[in-house]
**Student:** 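Below is a structure I'd like to ask you about.
Ligands are counted one by one from 1 in listed order, and the atoms in each one are counted from 1 as well. Position 1 is the first residue of the sequence; numbering continues from there.
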Amino acid sequence: MPDNRPNILLILTDQLRYDALGCYGGQGVSTPNLDRLAAQGTRFTHCYVNNPICTPSRASLWTGKHLTGHGVHRLHDCLPPDEVMFSTRLSDVGYDTALFGKLHVSGFDHEKDHRHPNDGFRIYEWTMDPRGTVGGESAYWKWLEGRAPDVLARLRKHGGKAGHIPVEAHMTTWAAERTISFLENEREQGKPFFCCMSVFDPHDPYENYPKEMESLVDKNQLAPIMASEEDFTDRPSAHQQEREQCYLARIDELTPEEIERIRFGYHAAVALIDQQVGRVLDALEKAGLGNDTIVVFTSDHGDMLGDHGLLVKGAFFYDPCTRVPLIMRSPGMPPSVREELCQPHDLPAFLLSAAGYDQASISKWMPEAVSLADQDALRMRGYAVCMYRNTGIFIDRQTGIKNYSDPPINATMWRQGRYKLNVYHGSADESDEGELYDMQSDPNELRNLWHDADMRGVRDQLMQRLQDWLKEQDANARPQGRDAMPTDPAYQNIGRMR
Ligand SMILES: [Ca+2]
């Protein structure tokens, strides 16, 4: 009997901010294939991640829960073994499942040797990071052995300092080729499939993009750095800490040219992602699967790229860090642009429903997720939350040691209507620090209204909503996943520019 449930292709990127794509207003960028996918499908304009850093954000996407629901709070926490990823639910109802690339639902030092017991993948080609500096040997490196041993030798020797990687040997290309091969030859016949192509780019160090991509990005058209000279006095103290102890570099020690190079390299990496996504979508059509496959494209968080005087991601909630592209082309769904707030943990609710699960089961497993197809329910919910729970790593400039912040930083973003409220819970002086932005009149988040007397009523009202919500979260929270902080001293040097 023919199975008429849709196939699912999920394309995941790492650190891709929403405005890096042309269809989200990016200038000077090269994203024709993603722009076309957006024009054919649904483009969500306001998707906010559940956490601004890899592991907790990805755990939310894969489980359909906020941090308190899945227990992954920090970069190196592990997804508890009794949690169930939605790929398992798909496998349970007969989907053939495959992963090519990065997963990172648990600290990488654990995940490199231990699959999560409920990942549900038949094909599992795990690659944390093309540099090999974390996670070591990977499916990508294995592929390079036969394909480009010279590139592999360079990566082994220099890691992220290996320089430009040619298109044909790049991790993004590997993930695309493995996906294409799966679509063409490796699927189990008679079953619908779920395939995840998961790339590391456009993650730092911004130097490993193929040289050929340079001509595709128009340097002069890229958005200029925003608010780099912004005063930090009116901002939560965590921002200053990020400025001084960011794992990548101290931003004030970088020259404007170095920051421009970061921004250029970032968009060059995005150009390669776009090219390779184009190849995968062509292969999908050629295999006659275009009309039967849900295609989703998104990311785990963004990248500040120097805006607001900040680098990469961390204990802050500016849109470049927390808002990501979310594009979904689904059979029978007419093209649209959707502006209501949504979050990555809503994605599995939609996919499981498309795979035939009833609403009661989905609500039992992921009670806070709303199907992305249910526009009314998303509007009715009307908020998005991003929880930072001492998630990120800081570097001690004296010793060079990386660790979580001590005292811990716990902060929550509450986005609702035209406002964004960011609360830093219990800072050193015992009073909450915070930010309030009017995203309608001040979309670039340049005027913090936290101390504005006229805005006191709005602030109190949003604060009350947030506190009620947090109280409920705390009451239902599961224990935090176990810590897998790497013990290898080499870890201390990963990612640093200087
Ligand atoms: Ca990430």
**Student:** Apply the salt bridge (charged side-chain N to carboxylate O under 4.0 Å, His left out) test between E125 and each candidate in K142, R178, R115; give the one that qualifies.
**Tutor:**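 Between E125 and the candidates, salt bridge (charged side-chain N to carboxylate O under 4.0 Å, His left out) is satisfied uniquely by R178.
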**Student:** Any idea which N/O/S atom from D14 gets closest to the Ca ion (ligand 1)?
**Tutor:**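 Minimum-distance N/O/S atom of D14 relative to the Ca ion (ligand 1) is OD1.
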**Student:** Quick one: report the N, O or S atom of D300 that is nearest to the Ca ion (ligand 1).
**Tutor:**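 It is OD2, the N, O or S atom of D300 closest to the Ca ion (ligand 1).
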**Student:** Under 3.5 Å, is there a donor-acceptor pair between the side chain of T55 and the main chain of L75?
**Tutor:**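 Yes, because the side chain of T55 sits within donor-acceptor range (under 3.5 Å) of the backbone of L75.
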**Student:** Answer yes or no for H203: is there an N/O/S atom below the 3.0 Å cut-off from the Ca ion (ligand 1)?
**Tutor:**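 Looking at H203, which is the residue asked about, there is no N, O or S atom under 3.0 Å from the Ca ion (ligand 1).
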**Student:** Has the side chain of H164 got a donor or acceptor atom that lies under 3.5 Å from a matching backbone atom of Y209?
**Tutor:**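 Between the backbone of Y209 and the side chain of H164 there is a qualifying donor-acceptor contact (under 3.5 Å).
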**Student:** Answer yes or no for H104: is there an N/O/S atom below the 3.0 Å cut-off from the Ca ion (ligand 1)?
**Tutor:**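 It does not: H104 brings no N, O or S atom closer than 3.0 Å to the Ca ion (ligand 1).
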**Student:** Determine whether K420 and E435 satisfy the following criterion, salt bridge (Lys or Arg N to Asp or Glu O under 4.0 Å), listing intermediate values before the conclusion.
**Tutor:** CA-CA 8 Å; K420 183 193 273 188; E435 298 164 283; over 6 Å; no
